[in-house]
Structure formats: structure tokens, C-alpha cells
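A, B, ... follow the sequence lines: proteins, then strands. Residue 1 opens every chain. What you see is a predicted model, and the numbers here were worked out from it, not measured in a lab.
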Amino acid sequence: MSHDHDDHGHDHDHGASDMALRVKALETLLIEKGLVDPAALDAIVEAYETQIGPRNGARVVARAWTDPDYKARLMSDATAAIAEMGFSGAQGEHMVVVENTPDTHNLVVCTLCSCYPWPVLGLPPVWYKSSAFRSRAVIDPRGVLRDFGLALPDEVAVRVWDSTAEIRYLVLPERPSGTENMNAEQLAGLVTRDSMVGTARVTA
Amino acid sequence: MSHDHDDHGHDHDHGASDMALRVKALETLLIEKGLVDPAALDAIVEAYETQIGPRNGARVVARAWTDPDYKARLMSDATAAIAEMGFSGAQGEHMVVVENTPDTHNLVVCTLCSCYPWPVLGLPPVWYKSSAFRSRAVIDPRGVLRDFGLALPDEVAVRVWDSTAEIRYLVLPERPSGTENMNAEQLAGLVTRDSMVGTARVTA
Amino acid sequence: MNGVHDMGGMQGFGPVQPEANEPVFHAPWEGRVLALRRAAGAWRKWNIDFGRHTIETLPPADYLRMSYYEKWFASTIKLIVGAGLVTKEEVETGRPAAGSKRETPPLTPDKVMPILKAGGPTLRETNAKPRFADGAPVRARDINPAGHTRLPRYVRGRMGTIECHHGAHVFPDTNSKFEGEKPQYLYTVRFEARELWGEGANPRDTVHLDLWEEYLDPA
Amino acid sequence: MNGVHDMGGMQGFGPVQPEANEPVFHAPWEGRVLALRRAAGAWRKWNIDFGRHTIETLPPADYLRMSYYEKWFASTIKLIVGAGLVTKEEVETGRPAAGSKRETPPLTPDKVMPILKAGGPTLRETNAKPRFADGAPVRARDINPAGHTRLPRYVRGRMGTIECHHGAHVFPDTNSKFEGEKPQYLYTVRFEARELWGEGANPRDTVHLDLWEEYLDPA
């Protein structure tokens, strides 16, 4: 799609540095008014930069691949099974896990905003929040998957999960062949964020 | 609806003077390449500034009010009846007239772009082309009419005409009482553009 | 295309704001854009349906931000570059490419009023019989074409009633892709507001659309 | 509200563009916006549904133009001004109003992880029986509320099948207006892609949404 207004491109750059200044000004105001504690702000940022991210979900997936009892608990009560691993809370209060099989591929979206299972996947990537993904995932999921390089045969059913309520979805991808001798930690290293949203497969 | 980005307001002013320069540059290029004749451009602008406007439609309406035979022709073949008055052509190739009555109020919109009956009403006003009008006219026509100060009782049916094809609609408003002694020319002076789109009544 | 241009039924754009004593143009450049579009159109390199689709495919955020004539201007550039009348470089520099030939404009001042008065009728002769009679119940089809269509989303899958037909008209879905006029019967279809918007709507209210035969199924 | 945020089924936004090795934040201010929103939320002056609606009611052209954290920032200002935590003038000048009292922040660093780990569950006890059994056919209602709703346009009026319920959850339509939690059964409803998008869709494909009891009628 061509964009005839190259001269408007500056808005974005202008916008970015402008945003840094405006956010700083608001933060300063709220601190001065005693409404927020700057150390609490630091702690929130640090939590999402270092602790709450897709490695959590990868550990859940790897354990489900290697521990049949855990997998059974995960499929019947994902919230509790994920909490066993120490992951819980904001934007993951009510979890459901959906399993990919040779016949069925799952894809998660939030068409109305950008709901995403934070405790297991961290903050959503830009593409997940984009209008392109939010709009097309429900009407053209196979086209979206092709954008990610994943061409599904017609025979594989696509199940799209639109996160319209407070249930959050995690895709349990298929364990790749050739990984029979890997342990859970090694397997977790293979599991990508995109595979747990449903826009990729896990490869060995 | 509040707009937190006052600092983006400049985009519009910037945009306006910028547009004048950009349009001038394109016009100059097309003239230099021999693609357009500047005198033809002047003639087009002049036509819509001086000849093709809502006074045309007002004359059609006034004649329909005063000439029962004309009104019958107008209601059965609007395109031909309007052409009798000398009005025809671009964006009015296929005309239909819809009549307001004490029981029925008609409102014209184009939800997909801004189709409008140019030969009888001229170029559309900004509000007709606005997202607010295009979106709400079909789902909340009574609310739109209230924005224009026209509160319709529930007993009056509202018919909305969405101009999705090349048929163009002209509303024949109700002739106001107290105009029994006026001639067609005087009546035409009362007929507003909005009354022929359906967002106003004609008042004496 | 289910684009942001397909606005029927959206909420959140605020009140309609009429402007008292609105001028025909708010700045001279608006009139020049209108004239340039018409004069460039006289080269007959595109049709009205392709032109509309060119506006619809502007980036959605731009579509909402731009004024009507800004959209026309942006889409006119897309049209004339796409048709090869000018190059992108010529638009950017504002100068004809070195050695480019000087054309002769097809639209001269004497032709302006005749062309505006003639317009571009879309009614076509047909030997076909209309599929639907006046008063027939119909359902608008559930189609979601990626290209241009004039079947708005808000009526798809909904039941309506044929009011009348207007003869056979050029079909925008194919004409916009230069795949032929495919003329077919065009019907005015009446939809109850309650069928479209649920029980909150006034039971007396109706919405009428002009829909091509291919957009409709018997109901 | 049928706003531009209700994007399911729209076309014309182009391809999805994944970014290789995307950082958690693309600039430090993004993280500060996230943190400010959470820390201001600790004043408990609004709930998540009101917060979402505050983003949805940004001007539509801004909604499409802004990045995610720009929208959060703009809506946070609306929230804290609307809640009376700060005044518009304070936001504009960046300084506390003369004589304004200094508060004590409710969110201290030690509470951050416990609060993030706890989240805000929306499951509520209920004595009601679910209206719909697993496997029951349902139709999503044709509602068009002006306020917040989590029933997307693309399923309204469409037939689906109950897959399961998740107990009673806080109802966003009322909670967003501070009219009560009105907890009610939340169901996962399966829609055939063909029911939503017509015959062009793959007959194997389905779309699943979590919908509250009030959004559904028996079919």
C-alpha cells in the first residue's frame, strides 16, 4: 500500500522523542503529588523486563511434553497447573491451554484490544497488538500464518481463540520429532513465544 | 471526547498550507506534461462554484409542490423530470426522489464513501462526508437528526437511503403550511440543501 | 474489502457537526483537486469503481485523518502513477522527466460542461429476466471479498425485501478490477432497522440499499 | 460501542509484520507508561473494563495512528484526570497545583510482585444454574450498546455452539459503567468459520469466543 505523505513521516520520530518528554513530565508530576512511588515504577518495569516473559511459558510446555501427569493437570485446570510452576496473576488469572495436533492448529488473538497471557508469555509483541493481526486473525487465519511462513494444508483445522473475556489462552505446540532424548530444560530452549501464540511450530 | 494530543493540532494547519503547495506542484507538473488544460480546470471549478448547487434542487422541489403533473413525473421517473429542468449528469445519472409525509421522514447517506446527487445539490458539505454522519445515519438516524435540531416523534417512520450504487436520492420535503400564496420561485427560496438530504424540514 | 471506509453502524465518531454557511470549497486547492481528478480522468485510464477502491485502500489511519479532498489528492496520485501518466519521480520532483513527450490534454474547456452534463450512466441493456420480483424476501450474502464491493458489512446475512429493480447496472466488484462490466439487475432492498440493529431499533424504521443481484439470495 | 477497536474481520491493514528479536520495550518511556498505569491503578479509582473503554473512546483516527503505549498514555491521562487524582492544568503545566496536598502512594515496591502475582480474578460465586448446556446451539444477540461491550460485531446474529462454561464472571458491560459486577456465566462458544464469513471459509475452521450469558439466546 503506497503512502503518499512522506512528509508526514516526521510525525513519528517527532512523536517518539516527544513521548519520552511527556511521559517523564507526567511521571514527575505524579511523584511530586505523592501518587506514585518511583521505586515501585522501577520494580514493575524490572518485573516485565527480567521475570515475566516467554521463558515461563516455555517451561510449562516442556514439562507438559515430558510429564504426562502434569500435562493431564494442565489440560484440565491450566490456571492451577501453571501456578504449580510459580506463574500466576495479572492477565493470566484464568488460563486455558489448547493443544496442537497433526489435525488441528490453534491460534490466539484478541480482536477487541490486545489481551495476552502475561504471566506465561510476558508483554505482547508489537505484531500481536497490530491492527493487521487483530483484524485478520479471525477472518483469514491461514493468511496470517502464511505471513509467518507457516503454510497449513487445508486438511488441518484451524481453531482461532478470540480472547474476548478474562480467559487467557496458551497454545501447547506439538513436540518436534528428533527430541526424544532431550530433557525438559533442553526442550524449553526450543519453545518460542510465537509457537505458544500459534503463529509458529516448534522445530528441533 | 477529549483529545490529549494538543501538540498534534499543528498537523492540520501545517497540512493545509502544505496541501496548497503540493496541489499546485502537481497541477504545474500535469500542465507541463500536457496532461491537463488549465482552462479546463478553471471551467470545472467555476461550474461547481456557480452553476451546480442546491438552488437546482430547490427549483425541482418548488415545482413539484406547485405543479401536480410535474410531481407525478418526478416521482415516476426522477431522472427525466429533473432533466426537464436542465439538470443532469455526473453523480446524478440515475435519480430517485423520495417524499416526506406526516408519517414518513427520509434521510439520505452514503456509508461507503460520500455519494451525493451533484446535479441537483452540488458538492456535498463536510458533515455529509464526515465519519460521524456516514457511520451513524443507518444505526441511529434519529440521533443524527437530533444533532441537526430535528426531534422526530416515534410515530414517524424514518427511511434511510444508503447510496450504495449509482442511484442518487433527492428528498422531497413537505411543503410548509402558510405558503399557499407563494409561487414556485418564492417557494424555492425556502428550500434548503439540508431539507433535500433529509436532515431538516422546510419552514416558511 | 472490509475496510474502515465501510462505516455503516459504527459508533464513537461523536456528533454530526453542520457548518453554517459552508462555502463550496474551504480553500482554493480543494477545487483544484476536484478539477485535476476530473481532468486526469478524461484520459480514461480507470473507471469510477477503480477510483473508489483507490481511496478505500489508503492506509486506514490516513483514511480517518484526512479530509475528503486530501483523500482525493492522495488517491489521484496513486491513479496517475499507476496508470503511467506520470512517474513517481516526476511527482516527487514536480518536473517532467528529461525527454518526456508533451501530450495533448483530452479535456478542453469547451468539453467541460457537456461532459459534466452527460456523466457516466451505468444502466445497461439486458436480455436477462430479473431473478427477484418486487416484494420478494431476500437475504444479503455473506461475502467478504478482498477487493472492491458495494455490499456493506452491516447488511450481510440479513433479511430484506425487494422494493423494485432499476434495470441492469455495471457491477462494481468486477468493473473495479477491469474484469468487465458484468451488468446485472440492481434492486432497492428494504431492511427493517430491527433486523439490522436488534430490538433497540424503532419498529417503524427501515434502511434501504441498492444491491446487485449477485449480492442476494432468496430467503 | 461499535468502535474502530472492534477490528475482527476487517481487511486492508496489510500483512502482519513480525520483528526479529523484539525487545520488551522499544524505548524506556514505554516501560514507564506501563508502570505508571499500574501504579495509578493502585488507587482503585477505576476497573479494568472502564480502563479498556477509555482506550476505545480515544478519537478513532488517533486510535489507529497511535502505538499501544501511546494509547495507554493518552488513556491514563483521561483516567487520572477523570478520577480527580490530578487536574488537567497539572498535566498541562507538569506541576502540582499550588497548595495541593501531598499524598502517600498506595503501591510500594514490596507490594509490586505480590500484586502482579495475584492479579484481579473475575470469577465469582453464584447460586444460579447455567442457562446453556455444553453442546447447546446458541445465537449471539444483535445488540449495539453505545457503551463498552465484549461482544464483537462479527459474531452478532450468528449461530454457535456452547463448548463449556467457566463459571460466573464479572460482566464488563455493567462493570465498565460502575453499575455493578453482575456476575453471570461465561461460555466458550464455537462458531464455524463459514457461519461467520460465508462459503469462502475453510469448512474445518472454527472461531471460539468467550461470551457472557446475556450475549446469547437459545437457537
Go through the structure and list residues passing side-chain contact (heavy atoms from CB on, under 4.5 Å) with C:Pro137, not counting sequence neighbours.
C:Ala219

Name the member of C:Leu196, C:Ile143, C:Val4 that forms the most heavy-atom pairs with chain D at distances under 4.5 Å.
C:Val4

Write out the donor-acceptor pairs between chain C and chain D under 3.5 angstrom, atom names and distance to 0.1.
| unit_1 | atom_1 | unit_2 | atom_2 | d |
| --- | --- | --- | --- | --- |
| C:Asn2 | N | D:Gln11 | OE1 | 2.6 |
| C:Asn2 | O | D:Gln11 | N | 2.8 |
| C:Asn2 | ND2 | D:Gly9 | O | 2.8 |
| C:Gly8 | O | D:Arg153 | NH2 | 3.3 |
| C:Gly9 | O | D:Asn2 | ND2 | 2.9 |
| C:Gln11 | N | D:Asn2 | O | 2.8 |
| C:Gln11 | OE1 | D:Asn2 | N | 2.5 |
| C:Gln11 | NE2 | D:Asn144 | O | 3.1 |
| C:Asp142 | OD1 | D:Arg158 | NH1 | 3.0 |
| C:Asp142 | OD1 | D:Arg158 | NH2 | 3.2 |
| C:Asp142 | OD2 | D:Arg158 | NH1 | 2.7 |
| C:Asn144 | O | D:Gln11 | NE2 | 3.1 |
| C:Asn144 | ND2 | D:Trp197 | O | 3.1 |
| C:Arg153 | NH2 | D:Gly8 | O | 3.3 |
| C:Arg156 | O | D:Arg158 | NH2 | 3.3 |
| C:Arg158 | NH1 | D:Asp142 | OD1 | 3.0 |
| C:Arg158 | NH1 | D:Asp142 | OD2 | 2.7 |
| C:Arg158 | NH2 | D:Asp142 | OD1 | 3.1 |
| C:Arg158 | NH2 | D:Arg156 | O | 3.3 |
| C:Trp197 | O | D:Asn144 | ND2 | 3.1 |

Note: C:Ala61 and D:Leu64 closest approach over all heavy atoms is CB-CB, 3.7 Å

Go through C:Gly3, C:Gly9, C:Ala146 and name the one with the most non-hydrogen pairs under 4.5 angstrom from chain D.
C:Gly9

